[in-house]
Amino acid sequence: MNLVKLFNQLRKQYGSQSWWPVVGHNSLFEISIGAILTQNTTWTNVEKAIKCLLDADLMSPQAISTCASGKLQKCIRSSGYYKQKTKKLKIFSKWLIKKYKGNLRFFLKKSLTTAREELLSLWGIGPETADSILLYAGKKPIFVIDAYTKRLCKKYCVEFKTYNEYQQFFETNLRAGVLGWTKTKLYNEFHALIVRWGKGRGYN
DNA sequence: ACCCAGGCGCATG
DNA sequence: CATGCGCATGGG
């Protein structure tokens, strides 16, 4: 099945998603922190962690970069790999403060390619996390590939080896103008639908 | 008592 | 380049 058909099918089945799961106010920073915390874990576990960060007044680059690691670890414990993720949050926050005055909007003025490379250069941020930040916080036109995407693609379209191959496949087959959507909206909605699909049915 | 989740970094062959 | 492993909690 081609991707546009698949998109329409999912939309028919699940309706409009228009996504990033809301926990607090969904600031750009909160979305980015969520993207890091959700690495290889379920969103419900992440949601608890984000609520704790909000309650503890830790949802800011300043707070995260300066607070005691133990305090942060305790707060995000439910998201799993909490020691590694504490380190990741601190590195991300310190980078943001040092290079962009703690403001993601300054960072997001950069071109997509440059911004992506810069995120990837940070310890703890790989392709999926970088692309989630760029698409969902930055509203940049980049398609996020995750485990669900690969599963869905394998089942209905084709199978590839690498992250980049999947991403190329989606981006070249969903050119701007398809369905009259902007790329950003289309990528956002499609990926959200894929996650909805993945959660909905155990696997296979 | 297993199995897995919206990954990533690092060590090997 | 491509596997394999550790990281860790919480829900089925």
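Letters A, B, ... are given to chains in the order of the sequence lines, protein chains preceding strands, and every chain is numbered from 1.
- Within 4.0 Å (heavy atoms only), K85(A) reaches no atom of the nucleic acid at all.
- Here the side chains of I125(A) and K88(A) are not in contact, with every heavy-atom distance at 4.5 Å or above.
- Positionally, the nearest nucleotide of DNA chain C for K161(A) lies more toward the 5' end than for the other of G80(A) and K161(A).
- Here R11(A) pairs with E189(A) in a salt bridge; the nearest charged N to carboxylate O distance falls below 4.0 Å.
- Rounded to the nearest Å, the gap between the P atom of dC4(B) and that of dC5(C) is 15 Å.
- Against DNA chain C, the stretch residues 72-79 of chain A makes heavy-atom approaches under 4.0 Å through R77(A), S78(A).
- Sorted by residue number, the members of residues 115-128 of chain A with any non-hydrogen atom under 4.0 Å from DNA chain B read L122(A), W123(A), G124(A), I125(A), G126(A), P127(A), E128(A).
- Out of dT9(C), dC8(B), dC7(C), the shortest distance to the side chain of N45(A) is found at dT9(C).
- As judged by a 4.0 angstrom heavy-atom cut-off over every strand, Y82(A) is placed among residues touching the sugar-phosphate backbone only.
- Aromatic ring centres of F190(A) and F143(A) lie closer together than 6.0 Å.
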Secondary structure of DNA chain C per the Watson-Crick/G-U criterion (both distances under 3.5 Å; [ ] crossing, | other strand, . unpaired) is |||||||.||||

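- Using a 4.5 Å heavy-atom threshold, the side chains of Y187(A) and W181(A) count as separate.
- The heavy-atom pair separating P141(A) from T184(A) by the smallest distance is N-OG1, 3.5 Å.
- Considering only heavy atoms from C-beta on, V195(A) comes within 4.5 Å of K199(A) through its side chain.
- When the side-chain nitrogen and oxygen atoms of K48(A) are compared with OP1 and OP2 of dG11(C), one or more of them lie within a distance under 4.0 Å.
- Contact check for R116(A) versus P127(A): side-chain heavy atoms found under the 4.5 Å cut-off.
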